[in-house]
Amino acid sequence: LSHLCGDEEFDLALAAAVMNALIQVTTRMLGSTENNFTTMFYAALIGTIGSLAAVALTSVGNSGGEVLGMSAKLLNTFWPEDPWFFVVLAALTSTTFVVAFTIFKAYQLATASFLAPFTYADMAWAVIFGFFFFNEWPDVWTLVGAAILIIAGLYVVYRERVQEQQ
């Protein structure tokens, strides 16, 4: 992806944001008409396709021109040798399943405007994890941008609630 904007970290963050937006839109669209498992299937499908596309785009050019950059050598390079990896992967997958199920259920039971403020907790958790796990702190402009997003989002929620009461 580094050829998109010239900065691989930015490109990966942008790809993650786009995939997150696609999954949220899919969840909102399907949440009111489909059961949770159908919604989870489509969200996982979008995530899988996006992840495969990201792997393909970042691998092209690094593998001698093989199709989508996938080769036995590439797979062997990233195949974990520690069996605990699979235990952790299973735990992570199970946790993700429970989280996704509860999020999809929330979208079925509540309006998006009610749930919107809870998504801003993601930013707070990102800052906390960044500080404790990576010893990083966002710069002033990042905090200003986050504040603008949060204030704008909360204003939209407030405005929608006022309109619902009228």
Side-chain angles (χ1 to χ4, degrees), residues 1-2 4-32 34-58 78 80 82-162 164:
L1 290 176
S2 62
L4 292 178
C5 296
D7 183 3
E8 188 171 354
E9 289 83 9
F10 176 81
D11 291 341
L12 291 174
L14 179 64
V18 168
M19 290 308 303
N20 186 31
L22 285 173
I23 289 171
Q24 284 189 16
V25 168
T26 303
T27 301
R28 288 181 184 157
M29 285 175 25
L30 296 175
S32 61
E34 301 293 334
N35 67 42
N36 287 345
F37 294 106
T38 302
T39 306
M40 290 172 62
F41 171 77
Y42 285 116
L45 181 65
I46 290 172
T48 301
I49 291 169
S51 297
L52 289 173
V55 167
L57 290 173
T58 56
F78 295 109
D82 187 358
W84 278 103
F85 171 83
F86 296 101
V87 173
V88 172
L89 182 63
L92 181 60
T93 302
S94 301
T95 304
T96 302
F97 177 83
V98 170
V99 169
F101 187 84
T102 56
I103 289 171
F104 298 152
K105 193 66 175 174
Y107 278 116
Q108 286 180 339
L109 299 175
T111 63
S113 63
F114 177 79
L115 296 173
F118 296 104
T119 62
Y120 299 121
D122 291 350
M123 287 188 228
W125 283 110
V127 169
I128 291 167
F129 284 142
F131 178 75
F132 284 110
F133 293 113
F134 304 108
N135 198 26
E136 292 182 356
W137 187 254
D139 64 5
V140 173
W141 293 112
T142 302
L143 294 174
V144 168
I148 290 170
L149 289 173
I150 290 170
I151 291 168
L154 291 176
Y155 173 72
V156 168
V157 170
Y158 168 76
R159 188 187 68 208
E160 287 182 9
R161 287 191 182 164
V162 168
E164 288 174 2

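Atoms considered below: every heavy atom in the structure, side chains included; atoms not considered: hydrogens, waters and symmetry mates.
For the pair F101 and V98, the minimum side-chain heavy-atom distance is 4.5 Å or more.
Atom CZ of F129 sits about 10.5 Å away from atom CG of D122, to the nearest 0.5 Å. Taking CG of L143 as the start and CD1 of I148 as the end, the distance is 11.0 Å to the nearest 0.5 Å. Y158 contributes atom OH, which lies 15.5 Å from atom CD1 of I151 (distance to the nearest 0.5 angstrom).
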### Task
For the pair M123 and L149, evaluate side-chain contact (heavy atoms from CB on, under 4.5 Å) and give the outcome as yes or no after the intermediate values.
CA-CA 10 Å; M123 287 188 228; L149 289 173; 4.1 Å; yes
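No side-chain donor-acceptor contact under 3.5 Å links T142 to the backbone of P138.
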